[in-house]
Amino acid sequence: MEKKYSCCITSEEAGYTVKQMMVYKWKLGTGQIKKAKFRENGILVNGNRVTVRYRLQAGDLLEVLLEDKNQASSHLIPVKGPLNVIYEDADILVVEKPAGIVCHPSAGHYCDSMANLLVGYFADRGEGYVVRLAGRLDRGTSGILLYAKHAPALTELERQREDGRMKKTYYAVLSGSPPVQEGDIEEPIGADPSVPMKQRVCSVQEGGADARTHYEIVQRAEDGSCSLASVSIATGRTHQIRVHMSWMGFPLVGDTLYGGMEQPGLKRQALHAYSLSFEHPVTGERMCFTSDLPQDMADFLAEKMFSRRKFSAEENRQKGE
């Protein structure tokens with residue numbers, strides 16, 4: 001899908017070079033600027049092709065072609081299927097991922113991933129986008145996913161992930177009931193050499209990378225068998241919440257890989273990304289999206305006599321505002 005940035009140069013911006021405008025106004029990276037330079041009609045001023053060294057004057061119309069209209073994720077098989085779109089505009093797409101589906105094609109999942117569904121979604125509308133995911137979820141984890149529709153948007157969203165402006169919060173059902181109401185876990189995480197695809201808490205010398213998790217207990221089962229926690233992470237390590245909760249002695253319900261017990265009706269780890277907030281990568285507007293618990297987690301908590309209103313994502317979001 002073609003994506004173009006354009007602006008009319010003000011008197012305050014007069015004297016800037018094209019490259020300076022691309023960096024400071026649109027936050028384009030070196031790679032994006034380089035690609036625009038070599039596209040036909042990639043950088044235009046008043047309809048004429050110019051170099052990035054061109055010095056702009058007041059009233060100039062600057063146009064930068066970020067992506068060609070024929071650019072798309074051609075390597076992905078488009079698949080038609082249910083896709084719950086929470087929000088969409090010209091720059092981003094926010095969707096809900098159900099448990100049991102992978103984010104990207106992988107061994108055994110070449111045409112049933114979220115990426116395949118998105119390509120099919122765009123194809124139905126006659127649009128072609130490169131699928132760009134800003135933060136993934138494990139196959140067994142449900143919740144909010146954020147996609148960028150063009151490279152500059154993804155670059156800015158990745159900056160926000162790194163500097164903490166993007167915040168994602170999860171609901172996790174823990175086996176047992178931690179004695180402390182809330183706390184922080186700061187333990188490095190690395191691959192477990194004895195079990196493929198499994199992670200573990202280990203030292204930096206053993207290959208561990210910095211990992212920081214904050215949790216707060218929202219509600220506890222009266223019999224102490226489980227508890228509902230709101231969890232956020234300051235780093236994005238593989239299986240981070242699952243590893244840290246297990247290390248603390250309270251693995252996620254249903255997470256058999258990390259010591260959680262199997263539960264009837266809950267065929268995966270009880271983890272749901274229910275809240276996501278960030279600054280819009282183009283307008284800068286602060287945005288917040290929420291997603292209520294899926295049916296399997298809600299039913300399990302109801303069986304344990306948890307109050308439904310205690311874990312409404314929308315209520316918790318409003319309470320925190």
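The structure presented is a predicted model; accordingly, all values stated were derived computationally and were not measured. Worth knowing before you read on, the calculation uses all heavy atoms, side chains too, and leaves out hydrogens, waters and symmetry mates.
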Stepwise, does the side-chain contact (heavy atoms from CB on, under 4.5 Å) test hold for L145 with L133? CA-CA 8 Å; L145 284 177; L133 177 60; 3.9 Å; yes
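- Judged by distance alone, the side chain of D60 and the main-chain N or O of Q57 form a donor-acceptor pair under 3.5 Å.
- R136 is not listed as a side-chain neighbour of M114, based on a closest heavy-atom distance of 4.5 Å or more.
- For T155 and Q32, the side-chain atoms include at least one donor-acceptor pair closer than 3.5 Å.
- With a 4.5 Å cut-off on side-chain heavy atoms, I144 and K168 do not count as touching.
- Considering all non-hydrogen atoms of both residues, V253 and C226 come closest at CG2-CB, 4.4 Å.
- The distance from the NZ atom of K304 to the OG atom of S227 is 11.5 Å, given to the nearest 0.5 Å.
- For A270 against L252, the heavy-atom pair with the smallest separation is O-CD2, 3.9 Å.
- Side-chain atoms of E285 never come within 3.5 Å of backbone atoms of H280 as a donor-acceptor pair (strictly under, hydrogens ignored).
- R220 places no side-chain N or O within donor-acceptor distance of the main-chain N or O of D223, the cut-off being under 3.5 Å.
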Could you please spell out the steps behind the side-chain contact (heavy atoms from CB on, under 4.5 Å) verdict for V18 and T51? CA-CA 7 Å; V18 167; T51 71; over 6 Å; no
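- The side-chain heavy atoms of F122 and K149, taken from C-beta on, include a pair separated by under 4.5 Å.
- Aromatic ring pairs are classed by plane angle as parallel below 30°, tilted from 30° to 60° and perpendicular above 60°; the pair W26 and Y5 is tilted.
- Note on K80 versus D124: salt bridge recorded, some NZ/NE/NH1/NH2 to OD/OE distance being below 4.0 Å.
- The shortest heavy-atom contact between A58 and S11 is CB-CA, 4.0 Å.
- Of the possible donor and acceptor atoms, one in the side chain of K97 sits under 3.5 Å from a partner among the backbone N and O of R139.
- Looking at P251 and M245, their side chains never come closer than 4.5 Å, going by heavy atoms from C-beta outward.
- Tracing side-chain contacts under 4.5 Å through hydrophobic residues (I, L, V, M, F, W, Y), one reaches V119 starting from V79; they form part of the same cluster.
- For S291 and E96, the side-chain atoms include at least one donor-acceptor pair closer than 3.5 Å.
- Hydrophobic clustering (side-chain heavy atoms under 4.5 Å, transitive across Ile, Leu, Val, Met, Phe, Trp, Tyr) groups Y87 together with L146.
- Side-chain atoms of M248 and I185, non-hydrogen and from C-beta on, do get closer than 4.5 Å to each other.
- Side chain of E206 to backbone of S203: a donor-acceptor contact under 3.5 angstrom is found.
- Of all non-hydrogen atoms in L174 and F250, the two that sit nearest each other are CD2-O, 3.8 Å.
- Taking the six-membered ring where the residue is Trp, Y274 and Y171 present parallel rings, their angle staying beneath 30° rather than reaching 60°.
- In summary, the side chains of E187 and H244 do not present any donor paired with an acceptor at a separation below 3.5 Å, with no hydrogens or angles considered.
- H272 and P294 make their closest contact through ND1-CD, 3.4 Å (heavy atoms, listed as atom of the first residue, atom of the second, distance).
- A donor-acceptor contact shorter than 3.5 Å is absent between the side chain of E216 and the backbone of G183.
- The closest side-chain donor-acceptor pair between Y147 and E88, if any, does not fall under 3.5 angstrom.
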Criterion side-chain contact (heavy atoms from CB on, under 4.5 Å) on F278 and K167, from CA distance to verdict: CA-CA 6 Å; F278 56 93; K167 301 183 184 300; over 6 Å; no
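- Distance alone, capped at 3.5 Å, is enough to place a donor-acceptor pair between the R55 side chain and the G15 backbone.
- Not one N or O on the side chain of E186 forms a donor-acceptor pair closer than 3.5 Å with the backbone of T213.
- Side-chain contact between R242 and L257 is present, with at least one heavy-atom pair separated by less than 4.5 Å.
- S277 and R286 make their closest contact through OG-NH2, 3.0 Å (heavy atoms, listed as atom of the first residue, atom of the second, distance).
- Following chains of ILVMFWY side-chain contacts shorter than 4.5 Å, one cannot reach L61 starting from Y54, and the two form parts of different hydrophobic clusters.
- In this structure the side chain of Q160 reaches within 4.5 angstrom of the side chain of E279, judged on heavy atoms.
- Judged purely by distance below 3.5 Å, without hydrogens or angles, the side chains of S194 and R200 never pair a donor atom with an acceptor atom.
- Between L293 and L301 the shortest side-chain heavy-atom distance falls below 4.5 Å.
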Applying side-chain contact (heavy atoms from CB on, under 4.5 Å), run through D138 and H239 and close with a yes or a no. CA-CA 7 Å; D138 295 337; H239 299 176; 3.2 Å; yes
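- Q269 and D255 form no side-chain donor-acceptor contact under 3.5 Å, judged by distance and modelled atom types alone.
- The backbone N or O of T17 sits less than 3.5 Å from a side-chain atom of Q20, completing a donor-acceptor pair.
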